[in-house]
Amino acid sequence: MKIASWNVNSLNVRLPHLQEWLRAAAPDVVALQETKLEDSKFPDTVLAEQGYRSVFCGQKTYNGVAILSREAATEVICDIPGFEDHQKRVIAATVGGVRIINLYVVNGQAVGTEKYDYKLRWIDAVHGWLADELRAHPQLVVLGDFNIAPDDRDVHDPLIWNDDSILTSTAERAALRRLQSLGLHDSYRLLHTDGGQFSWWDYRAAGFRRNLGLRIDLVLVSEALRGRVVAAGIDREPRLWDRPSDHTPVWIELGA
DNA sequence: ATGGTAGTCTAACTA
């Protein structure tokens, strides 16, 4: 079972890329972030023609998440239960016996801002909810755009991306570690220890050409799934295509 | 070239 995550930065613009990538990569499940589409405009008919069912939770202009799957998704939930939030950043569903939790984590803009506080509060709410989800669904995958680079191997320059920078600050990394302490393992790190493997590059300053990236798109797996991760990777190819998203797909393969 | 680019939407916000 191949499970992937991709922040498409507007599904309206990126639909051709998504379709091309689905053909090439043939994932069983894909979590999308930043669809930026109201539910009435989601291209579920087109995707169904390609063999993927869609569940989605969107809004105009910002945010928006979706899960595409070859098999039907059940037990679909939007938003974090009990957490007041107008931003559509969460969708969860069960596919083929695996609980899939798709997160578009708050960016946070800059350390010390209101948005940064919202980011930390938001992750704290996710933490409480995931503890419940893990009890109900031991076979759990939490994936998406985490907007946090776990450690210095995951940034192009640790002097720039330091303890005081957004996406790498001490409190953000501590919040991520706290999520992982629920028993959620960074599947890329189960199989690879190399640095310099990124999933996002800023559009500005020729970030991709100069490989000025971060690894902020993650696939976390529960203890029960840990031993089933037979492959994990980052697919840089779509970042080379014309008019790309600033993120590229990340994926894992779960064996039997 | 006084920060660069992209998306949404046409001013300014978010990333």
Side-chain angles (χ1 to χ4, degrees), chain A residues 5-21 31-43 46 56-66 79-80 84-91 102-123 126 143-150 154-157 159-162 164-169 171-173 175-176 198-218 234-250:
Chain A
S5 174
W6 193 5
N7 179 324
V8 292
N9 186 22
S10 169
L11 184 51
N12 196 33
V13 172
R14 233 65 69 189
L15 182 59
H17 281 198
L18 175 63
Q19 294 191 274
E20 179 61 33
W21 183 76
L32 302 176
Q33 304 87 35
E34 285 204 89
T35 55
K36 300 186 177 180
L37 285 178
E38 290 173 289
D39 291 347
S40 62
K41 301 198 170 150
F42 197 91
V46 175
F56 39 85
C57 220
Q59 66 187 99
K60 221 162 111 82
T61 312
Y62 300 119
N63 309 306
V65 283
D79 306 320
I80 306 164
E84 178 72 22
D85 193 359
H86 299 296
Q87 305 191 9
K88 296 298 179 189
R89 299 179 169 277
V90 174
I91 188 167
N102 177 14
L103 304 180
Y104 173 43
V105 175
V106 176
N107 174 284
Q109 196 167 60
V111 175
T113 61
E114 217 169 274
K115 291 194 176 76
Y116 183 75
D117 293 339
Y118 165 51
K119 180 177 196 171
L120 296 176
R121 279 202 326 274
W122 191 93
I123 296 170
V126 166
L143 76 175
D145 177 358
F146 280 72
N147 268 318
I148 302 172
D154 304 311
V155 308
H156 66 88
D157 185 348
L159 293 178
I160 295 170
W161 299 100
N162 58 43
D164 303 313
S165 308
I166 194 66
L167 313 184
T168 54
S169 72
E172 289 168 89
R173 281 176 163 170
L176 177 59
F198 308 131
S199 65
W200 169 84
W201 300 261
D202 201 312
Y203 284 125
R204 296 166 290 188
F208 184 67
R209 184 175 57 73
R210 300 157 66 199
N211 199 29
L212 307 180
L214 302 180
R215 190 174 70 92
I216 55 177
D217 298 273
L218 308 175
I234 303 174
D235 187 358
R236 290 169 61 99
E237 188 68 20
R239 196 61 172 78
L240 294 162
W241 296 346
D242 186 49
R243 215 178 168 191
S245 168
D246 46 350
H247 295 252
T248 209
V250 300

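A, B, ... follow the sequence lines: proteins, then strands. Residue 1 opens every chain.
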Quiz item: A:P244 or A:V106: which one's nearest nucleotide on DNA chain B is closer to the 5' end?
Solution: A:P244

Practice problem: Round to the nearest Å and state the distance from A:F208 atom CZ to B:dA6 atom C1'. | Solution: 16 Å

Quiz item: Considering only side-chain heavy atoms of A:Y62, which listed nucleotide, B:dT14, B:dG4, B:dA6, is closest?
Solution: B:dT14

Practice problem: Have a look at A:R210 and say if it touches a base, only the backbone sugar-phosphate, or nothing, with a 4.0 Å heavy-atom cut-off. | Solution: nothing

Quiz item: For A:Y203 and B:dC13, what is the distance between atoms OH and P respectively, to the nearest whole Å?
Solution: 21 Å

Practice problem: Could you state the atom-to-atom distance from CH2 of A:W241 to P of B:dA6 in whole Å? | Solution: 18 Å

Exercise. For the side chain of A:N107, starting at C-beta, report the closest nucleotide among B:dA6, B:dA15, B:dT8.
Key: B:dA15

Self-check item: C1' atoms of B:dA15 and B:dG4, separation to the nearest Å
Solution: 13 Å

Quiz prompt | Test ring-ring contact (aromatic ring centres under 6.0 Å, His included) applied to A:F208 - qualifying residues, sequence neighbours left out | solution = A:W201

Quiz item: When rounded to the nearest 0.5 angstrom, what is the spacing between CD1 in A:I166 and CG in A:N147?
Solution: 8.0 Å

Quiz prompt | Along DNA chain B (nearest heavy atom to each residue), the more 5'-positioned of A:K115 and A:N12 | solution = A:N12

Quiz prompt | Residues that A:Y62 engages under ring-ring contact (aromatic ring centres under 6.0 Å, His included), provided they are two or more places apart | solution = none

Practice problem: Can you tell me the distance, in whole Å, between the CG atom of A:D202 and the C1' atom of B:dG7? | Solution: 14 Å

Quiz item: Name the one of A:V250, A:I148, A:L176 that satisfies side-chain contact (heavy atoms from CB on, under 4.5 Å) with A:L218?
Solution: A:L176

Self-check item: Gap between atoms NZ and C1', on A:K36 and B:dT14 respectively (whole Å)
Solution: 7 Å

Practice problem: Start with the C-alpha distance between A:W6 and A:W21, add both sets of side-chain angles, then the distance that settles ring-ring contact (aromatic ring centres under 6.0 Å, His included), and finish with yes or no. | Solution: CA-CA 11 Å; A:W6 193 5; A:W21 183 76; 5.5 Å; yes

Exercise. Check the distance between B:dG7's C1' and A:W200's CH2 and give it to me in whole angstrom.
Key: 15 Å

Quiz item: With rounding to whole Å, what would you report as the distance between B:dG3 and B:dG7 at their P atoms?
Solution: 23 Å

Self-check item: Short side-chain N/O contact from A:R14 to OP1 or OP2 of B:dG7, under 4.0 Å
Solution: yes

Quiz item: Whole Å only: how far is the NZ atom of A:K60 from the P atom of B:dG7?
Solution: 17 Å

Quiz item: What nucleotide, of B:dG7, B:dT8, B:dG4, holds the atom closest to the side chain of A:R204?
Solution: B:dG4

Quiz item: Rounded to whole angstrom units, what separation is found between the CZ atom of A:R209 and the P atom of B:dG4?
Solution: 16 Å

Exercise. For B:dC13, take OP1 and OP2 only and decide whether either is under 4.0 Å from a side-chain N or O of A:T61.
Key: no

